[in-house]
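Presented below is the structure to which this report refers.
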Amino acid sequence: MSIAEEEIKKFERGDCGENKVFYQAMEEVIYSIAPLLESDDKYTKHAILERLVVPDRIIKFKVTWMDDNQNIMVNTGFRVQFNNSLGPYKGGLRFHPSVNEGILKFLGFEQILKNSLTGLPIGGAKGGSDFDPKGKSDFEVMKFCSAFMTELHKYIGSRIDIPAGDIGVGAREIGYLFGEYKKITSTYEGVLTGKPFMFGGSLMRPEATGYGAVYFTEQMLEIEGKEPLTGKICTVSGAGNVALHAIEKLQQIGAIPVTCTDSGGTIYDKRGVDIQLLKILKFEERASLEKYLVIHPEATYIPVSEYPEGGHAVWDIPCYAAFPCATQNELTDVDAQNLIVNGCVSVTEGANMPSTPKAINDFLSHKVCFGPAKAANAGGVAVSEFEMSQNASMQKWSFEKVDNKLKETMQQICTRVALTAKDYGVEGNYVDGANIAGFKKVADAMIAEGI
Ligand SMILES: NC(=O)C1=CN([C@@H]2O[C@H](COP(=O)(O)OP(=O)(O)OC[C@H]3O[C@@H](n4cnc5c(N)ncnc54)[C@H](O)[C@@H]3O)[C@@H](O)[C@H]2O)C=CC1
Ligand SMILES: O=C(O)CCC(=O)C(=O)O
């Protein structure tokens, strides 16, 4: 039995239910780091894996609030404080009806290694609620956020745990959460990142994850000797913070992003999508993508109902580079085969774990350049850490300064991941490179800090 199989056996489970995605994330890491465990027995001796896969604590709480019709609503809130070996707990909050402990454990676990790869002093965490902001009034969102913070504030702090946004949590929600924290504690501190600029937010935080994914891709293509993105057709999934800023940066560098998606369907505009319109539809009106056709009737909208088996039309469209930026396991092996057959050269994960394990294997075995989420989408959390630095020193950095630091950070992550893969005999495998480099730093810190 290989060392990876032995390690996985230790965590063997029957039906893992909502923890399925957590095991998926964990197994990938264990397979990747097997050569490291084999080359140095200190990690096994110090039971690093056993310790790393169990969160330091999971906080679960009731959130009671009242909707606009005076109905009393009850949701569940969570914060998974996973590991603070490298710095205070750090990671986003997700508000989506699918949220449960298993999803947040997967996201928190990935966050530990992602934050390690940034080289910045931040540990890993994730949180959220099964609350669905979709279709709620601003006032309802505010009421929910206040109620959520009434409980969460007991467990966070600028040196303890610093939440940020994720799916369903943008500047509006962070603003309400911050307002409530300030009211309860009478403290103005950088306890959340992704704040609006006027009260402590960093310039470029909204753009950071999407822009960072594009910077990462440019560097990966250069290292792998492939043609740059300029002039190339790109497909992007999602229509939120990460997707729209990836589209924006792709257009700025002269690439042609032709798609985006939401949970209802795919927009395909072969001349290149209209980013200004998309920003209005999604960030201001919070409308369905179908509305894009009102202004651009020549574009195509393909509803998900045309894919009753699941999946999305977006990956059927030929492209040079693909950017899954919506949600976990949205890109299956069938989608991977379509992309490969259509000549796709590069896939960059803007979302967290958007590709299934089979899809990743297909990309790697067909030598498609593959940028895994924990490396490629680390730009968001990196700029969150820059926001923490600005808050701590009461400074405001310029857009150019943050952008330059973001670009440098993404290039460094990409290069380190590529070099690590080479050092461990898996040149070109950025999945193994990211897992080994991310794990090693956290594991060495855990050993140095004792049990
Ligand atoms: N916001 C950030 O800074 C970071 C976000 N991420 C990840 O990026 C992904 C997207 O997050 P955000 O853009 O922040 O969220 P968001 O809430 O701004 O946007 C999510 C978008 O994905 C779409 N979507 C959701 N489920 C979908 C599905 N099944 N099929 C197609 N589209 C779907 C939604 O309609 C929405 O347009 C998530 O996986 C998140 O964990 C990762 C790193 C940082
Ligand atoms: O900015 C942050 O703290 C966290 C961003 C995040 O949730 C992620 O990287 O998945």
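Indexing begins at 1, ligand by ligand and atom by atom, following the structure's order.
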For [X], state whether at least one heavy atom is located under 4.0 Å from any atom of ligand 2.
X    : answer
G165 : yes
R205 : yes
R94  : no

Which residues share a ring-ring contact (aromatic ring centres under 6.0 Å, His included) with F197, sequence neighbours left out: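 Partners of F197 by the ring-ring contact (aromatic ring centres under 6.0 Å, His included) criterion come out as none, since no residue qualifies.
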Under 3.5 Å: N/O of [X] near N/O of ligand 1:
X    : answer
R94  : yes
K114 : no
T209 : yes
K282 : no
R205 : yes
A243 : no
G380 : no

May I ask you to check whether [X] and [Y] show a side-chain donor-acceptor distance below 3.5 Å?
X    : Y    : value
D161 : Q81  : yes
Y430 : E349 : no
K90  : N84  : no

When you measure from [atom] to every protein heavy atom, which one gives the shortest distance, and what is it?
atom                    : result
atom 1 (O) of ligand 2  : S384 OG, 2.6 Å
atom 10 (C) of ligand 1 : A326 O, 3.3 Å
atom 18 (O) of ligand 1 : N241 N, 2.9 Å
atom 27 (C) of ligand 1 : T327 CG2, 3.9 Å
atom 35 (O) of ligand 1 : D262 CB, 3.3 Å
atom 12 (P) of ligand 1 : V242 CG2, 3.9 Å
atom 41 (O) of ligand 1 : D166 OD1, 2.6 Å
atom 39 (O) of ligand 1 : N352 N, 3.1 Å
atom 4 (C) of ligand 2  : G92 N, 3.5 Å
atom 7 (O) of ligand 2  : K126 NZ, 2.7 Å
atom 17 (O) of ligand 1 : G168 N, 2.9 Å

Query raised in the report: Do ligand 2 and I162 have nitrogen or oxygen atoms that lie under 3.5 Å from each other?
Result: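 Such a contact does not occur with ligand 2.
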Below 3.5 Å, N or O to N or O, backbone or side chain included: is there any such pair between K114 and ligand 2?
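Yes, at least one N or O pair falls under 3.5 Å.
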Taking the non-hydrogen atoms of [X], is any one of them nearer than 4.0 angstrom to ligand 1?
X    : result
G170 : no
S237 : no
Q328 : no

Given that the side chain starts at C-beta and the backbone is N, CA, C, O, which of these parts of A373 lies under 4.0 Å from ligand 1, counting heavy atoms, or is it both or neither?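 The answer is neither.
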Just let me know how I167 lines up against ligand 1, side chain, backbone, both or neither, with a heavy-atom cut-off below 4.0 Å.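 Both the backbone and the side chain of I167 come within reach of ligand 1.
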Quick one: pull up OG1 in T150 and CZ in F148 and give me the separation to the nearest 0.5 Å.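 Spacing of OG1 (T150) from CZ (F148) equals 10.5 Å.
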Check: Taking atom 6 (C) of ligand 2 as the point of reference, which of K374, Q111, K90 owns the nearest heavy atom?
Finding: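 It is Q111 that holds the nearest heavy atom.
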Region of E110 engaging ligand 2 - heavy atom pairs below 4.0 Å: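 It is neither; nothing of E110 touches ligand 2.
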If you measure from each non-hydrogen atom of V383 to ligand 2, which part falls under 4.0 Å: side chain, backbone, both or neither?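 Answer for V383: neither.
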Open item on the list: Which label fits F199 and F178: parallel for a plane angle under 30°, tilted from 30 to 60°, or perpendicular past 60°?
Closed with: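 The arrangement is parallel - the two ring planes meet at less than 30°.
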### Message
Can you confirm whether or not the ring centre of F144 sits under 6.0 Å from the ring centre of F95?
### Response
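Under 6.0 Å, so yes.
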- Message: Check for me whether the distance between the ring centres of F370 and F363 falls short of 6.0 Å.
- Response: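 Here the rings of F363 and F370 have centres that are less than 6.0 Å from each other.
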